Structure formats: structure tokens, C-alpha cells
Protein chains: 2
Amino acid sequence: MPRKVDHRERRELLADALMRLAATRGLEAVSLRHVAAEAGVSTGMVQHYFRTKDEMMGFALEMVMDRIEERSRAALTPGSPREIVRALLLQILPLDETRRLEGHVGLAFLAYAAVKPAMAVGLREAADGMRGFLADQVRAAAGPGVDPDRAATGLLALVDGLGLQLLSRQFGEEDAVAALDAQLDLVFGQS
Amino acid sequence: MPRKVDHRERRELLADALMRLAATRGLEAVSLRHVAAEAGVSTGMVQHYFRTKDEMMGFALEMVMDRIEERSRAALTPGSPREIVRALLLQILPLDETRRLEGHVGLAFLAYAAVKPAMAVGLREAADGMRGFLADQVRAAAGPGVDPDRAATGLLALVDGLGLQLLSRQFGEEDAVAALDAQLDLVFGQS
DNA sequence: CACTTTACATTGCGACTGTATTGTCTCGTG
DNA sequence: CACGAGACAATACAGTCGCAATGTAAAGTG
């Protein structure tokens with residue numbers, strides 16, 4: 001075997017360039033040539049690591065989801081269910097610049113996946129897992145009149161919606177956090 | 001002046017074709033030729049009514065927003081604030097096929113507007129107006145511990161998030177309505 | 001030292017894009 | 001009835017797209 005190169009590393013380098021492009025100029029600006037230029041390599045190299053454009057898109061999407069999951073796992077701190085849920089959901093909100101970038105990429109992919117169903121299954125599974133985890137936490141600590149599954153669905157939808165509006169800068173970060181806390185109050189009871 | 005043609009009508013015909021295309025095959029499939037073919041006309045005619053592609057996109061986006069606003073206005077029925085809010089938010093959720101289609105188009109435009117800021121201002125204004133109206137309704141009838149502005153933000157974000165997940169068929173329509181009702185319970189107090 | 005496999009770079013092709021140009025037909029007005 | 005303006009249609013153009021083919025350099029293995 002000749003020249004040893006870390007495939008995973010190269011692909012992540014290219015996917016990073018793709019994300020930068022998608023966030024600043026939209027998914028429609030993502031082409032083999034543009035990704036190559038953004039990464040500072042030749043288009044031939046991009047083709048070498050991704051046999052087709054769809055393969056590149058799929059890899060980038062998976063990478064975004066992996067990063068979110070990784071950050072979520074890192075935010076898993078011991079505490080009350082409410083604290084756990086809050087820490088988790090705060091990781092999903094685009095509250096800093098890197099997460100804003102990922103959020104834009106995610107939004108672009110969401111619209112992309114709406115048309116390419118093959119891309120949607122991963123997103124669905126991730127959301128289902130998150131919903132299940134949230135429901136467990138709510139079940140453990142919520143008030144008596146609260147349906148855990150519905151509350152989890154509501155929390156996830158709220159964070160999605162807040163994230164959407166944060167991306168279009170409809171209000172500040174502290175407002176979004178306040179809205180989330182208000183919702184947590186409603187679900188877990190005022191503390 | 002020669003041959004009289006209703007400009008508005010023709011443009012809406014073309015924008016309808018554009019929406020069908022955007023919903024089924026994504027905004028990336030929207031080209032002058034495709035829109036023309038979908039509408040069953042020549043590309044020259046499309047150019048005649050829209051001098052540029054961006055102009056066509058902008059018109060279609062405005063049309064989508066107008067339709068949502070029109071439907072919302074039609075749903076304005078006399079009743080308690082909670083009933084008014086519920087009826088209004090139910091119009092935003094993609095609960096039937098035509099609204100699913102519009103939802104997909106809206107999602108595509110959301111991602112599009114994230115990159116073309118000129119398109120985003122209209123979306124922002126519409127959301128602000130809606131938020132203000134919701135806040136007024138909440139202020140008129142909510143419990144004492146509820147901040148109207150925050151509750152309005154939460155409701156709008158919830159509906160956005162629910163709509164997003166409805167579009168990707170993550171759960172049934174009745175679940176989304178149930179989640180909305182649960183939230184209304186929390187905001188307006190159990191009835 | 002051969003030899004093969006991998007890692008790229010370069011180039012070319014056909015299809016498609018938005019836009020500009022030009023032509024034709026048809027109507028309403030003077 | 002002439003005529004000019006609007007309503008299209010057809011085509012051309014430069015650019016970009018994904019992808020395939022081909023070439024070259026380097027490194028590990030026998």
C-alpha cells in the first residue's frame with residue numbers, strides 16, 4: 001500500500017469547507033469546484049475522496065449531526081432532570097457563532113432533505129432519540145398534570161422554532177434563553 | 001395599448017408553477033425553463049413577466065406570505081383570546097395537503113432567505129406582526145404569572161417547530177394539535 | 001530495484017443555467 | 001387603415017455544473 005493518508009481527516013477537511021460555503025452562500029453554492037476552492041485544493045482531490053456529489057453531501061450532513069450529538073453528550077452533566085434537559089436544549093440553540101454557522105447548515109440541509117428522502121432518515125432518527133430522552137427526563141420529574149411525551153415534543157419543537165428565529169436574528173440570545181426557561185417553568189413547575 | 005392581459009394573473013400562474021416545483025423537487029430545481037415547462041408556457045413568456053429570476057423568486061415569496069396572511073385573516077373568528085389564538089395558530093400548522101405544500105415552499109424560502117438578506121425582511125416583519133398580535137391576546141387573558149411577550153414568542157416558536165416536524169412526518173397531525181393545546185393550557189391556564 | 005497501488009492534478013464533455021437579442025403576431029388607438 | 005406597443009416565441013451566448021478519463025508523482029511491498 002502506497003502513500004498513507006487519513007481518509008477521515010481529508011473528508012472532514014472538505015466537509016468543513018462545504019459547511020462554510022453552505023452557511024455563507026447557501027447550499028446552492030455548493031459545487032465540487034467551489035468546495036475545492038474553499039478548501040484550497042483541486043477539484044480532482046474532491047472527486048478522489050467523494051465519488052459523487054451526493055456522497056459528499058451525505059458525509060457533511062452526518063458530520064453536522066455527529067458534532068451536535070457530541071456536544072450534547074459533552075453537556076451531559078449530573079443534576080436534576082430539569083438541569084439536564086436545560087443543558088441539553090441549550091446546546092441545540094444557536095447561541096454562539098459556531099453554532100449559528102451549524103444552524104444555517106442544518107437549515108439548508110433540512111430543506112435539502114425535504115426533497116431527497118434518503119437524507120431525511122438520519123434526521124428523523126436523531127430527533128426521535130432526542131424526543132425519547134427528553135420524555136424520560138420529564139417523566140422523572142414533571143408535575144402530575146403533564147404528559148411526558150407531549151411535553152418532550154413541545155420542548156423540542158420550541159427549541160427548533162427558537163433556533164429558527166434566532167438564525168434570522170428576530171431577537172437576542174437572552175430572549176431565547178428566557179423563553180426556554182419560561183417553558184421549563186411550565187413543564188417542571190415553578191422553582 | 002395592445003392586447004390586454006392581466007399581469008397579476010399571469011404572474012400568479014407562473015408563481016404557482018414555481019411553488020409546485022419547489023415543493024416537489026426543491027428550490028434548486030426552480031429554473032426559468034422548468035417553471036415555464038411546469039406552467040406549460042415558453043421560457044420567453046416567463047422572461048416577459050419577470051425580468052430576472054430574483055424578481056420571480058421575490059414575487060413567489062410574497063405570494064406565499066400573502067396567502068398565509070389571507071388565511072389567517074379568514075380564520076379570525078370572534079371568541080375568547082384563547083380561541084382566537086388557537087384558530088390562528090392552527091392556520092399556520094401544515095395540517096392539510098395544500099398547507100403542507102406551502103410549508104415546504106416556505107421552508108425552502110427560509111433557507112433561501114438566510115443567504116439572500118433582501119428576501120428576509122418581509123419574513124421578519126410578518127413574524128413580528130404575528131408575535132405582537134399574539135402578545136396582545138395573551139395579555140388580555142393569561143394568568144398572572146405569565147409574561148405576554150415571552151408567551152407569544154414561545155407559542156410562535158412552538159408552532160414553527162411543530163410545523164417543521166410535521167413536514168418531515170415525524171408525527172401525526174393530531175399529535176401536533178395536542179401539543180399546541182397542551183401549550184395553550186399552560187399559557188392560559190387549564191380550562 | 002521493479003512494481004503496484006494510492007493520491008492527487010488536469011482536461012474535456014455534454015447538459016444545464018440566467019440572460020440578451022431578435023423576430024413575429026396581435027391587438028388597441030389615433 | 002396605419003402603426004406602434006405589448007405579448008409572446010425562438011435562439012444564441014457565455015458560464016457553470018457533475019462527472020469521466022487520463023496523466024503523473026510518490027510511497028509501500030516483493
Side-chain angles (χ1 to χ4, degrees), chain A residues 1-22 24-61 108-109 111-113 115-119, chain B residues 1-22 24-61 108-109 111-113 115-119:
Chain A
M1 293 163 188
R3 198 122 153 254
K4 62 157 189 175
V5 180
D6 187 341
H7 258 241
R8 156 73 50 161
E9 186 191 35
R10 290 289 205 230
R11 285 162 80 104
E12 288 189 355
L13 177 90
L14 296 174
D16 269 329
L18 189 155
M19 283 179 54
R20 255 174 283 142
L21 226 48
T24 58
R25 294 170 50 201
L27 260 197
E28 69 196 21
V30 171
S31 73
L32 298 185
R33 296 176 230 278
H34 282 164
V35 169
E38 173 76 28
V41 301
S42 77
T43 78
M45 173 177 157
V46 178
Q47 281 192 94
H48 183 68
Y49 287 102
F50 298 108
R51 280 176 309 185
T52 170
K53 186 189 178 183
D54 262 20
E55 189 181 321
M56 180 175 72
M57 299 292 245
F59 181 84
L61 174 56
F109 271 118
Y112 190 68
V115 172
K116 298 226 170 191
M119 297 249 175
Chain B
M1 291 161 194
R3 199 122 153 255
K4 64 156 187 175
V5 181
D6 187 341
H7 256 240
R8 158 71 52 161
E9 186 191 34
R10 290 287 204 233
R11 288 163 77 103
E12 288 190 355
L13 178 90
L14 296 175
D16 268 329
L18 188 155
M19 283 179 55
R20 256 174 283 140
L21 227 47
T24 59
R25 294 169 50 200
L27 260 196
E28 69 195 20
V30 172
S31 74
L32 297 185
R33 297 180 228 287
H34 281 163
V35 169
E38 173 75 29
V41 302
S42 77
T43 78
M45 174 178 156
V46 178
Q47 282 192 96
H48 183 67
Y49 287 102
F50 299 108
R51 281 177 307 184
T52 171
K53 185 189 179 184
D54 262 20
E55 189 181 321
M56 180 176 71
M57 299 292 245
F59 181 85
L61 174 56
F109 270 118
Y112 190 67
V115 172
K116 298 226 171 192
M119 297 249 176

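Only a predicted model underlies this, so the values are computations on that prediction, with no experimental measurement involved.
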(Q) Quick check on DNA chain D: between E28(A) and G44(A), whose nearest nucleotide comes earlier from the 5' end? (A)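 The answer here is E28(A).
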Q: Find which nucleotide of DNA chain D each of M45(B) and A29(A) is nearest to by heavy atoms, and output the residue with the more 5' nucleotide.
A: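 Its nearest nucleotide lies further toward 5', so the answer is M45(B).
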To the nearest Å, how far apart are [X] [atom1] and [N] [atom2]?
X	N	atom1	atom2	value
D6(A)	dA7(C)	CG	C1'	14 Å
Q47(B)	dG23(C)	CD	P	17 Å
L32(A)	dT10(C)	CG	C1'	15 Å
L13(B)	dC8(D)	CG	P	10 Å
L14(B)	dC8(D)	CG	C1'	12 Å
R11(B)	dG6(D)	CZ	P	15 Å
F50(B)	dA20(C)	CZ	C1'	19 Å
K53(B)	dT19(C)	NZ	P	8 Å

(Q) Please report the interatomic distance CG(L32(A)) to CG(L18(A)), rounded to the nearest 0.5 Å. (A)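 That separation rounds to 9.5 Å.
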Q: Please round to the nearest 0.5 Å and tell me the distance separating atom CE of M56(A) and atom CG of D54(A).
A: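 Atom-to-atom, M56(A):CE and D54(A):CG are 9.5 Å apart.
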Q) Across the strands shown, which category fits V46(A) at heavy-atom distances under 4.0 angstrom: base, sugar-phosphate, nothing? A)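 If one applies the 4.0 Å heavy-atom cut-off, V46(A) turns out to touch nothing in the nucleic acid.
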Q. Are the side chain of T52(A) and the backbone N or O of E55(A) linked by a donor-acceptor pair below 3.5 Å?
A.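 No.
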OP1, OP2 of [N] versus side-chain N and O of [X]: anything below 4.0 Å?
X	N	answer
S42(B)	dC8(D)	no
H48(B)	dC8(D)	no
T52(A)	dG18(D)	no
H34(A)	dC17(D)	yes
R51(A)	dA20(D)	no
H7(A)	dT6(C)	no

Q. If every non-hydrogen atom of A36(B) is compared with every non-hydrogen atom of V46(B), which pair is closest and at what distance?
A.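 Minimum heavy-atom separation between A36(B) and V46(B): CB-CG2, 3.6 Å.
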Q) In terms of the angle between their ring planes, are Y49(A) and H7(A) parallel, tilted or perpendicular, with boundaries placed at 30° and 60°? A)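 It falls in the perpendicular class, over 60°.
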Q) Quick one: on DNA chain C, does R33(A) or V41(A) contact a more 5' nucleotide (nearest heavy atom)? A)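 Result of the comparison: V41(A).
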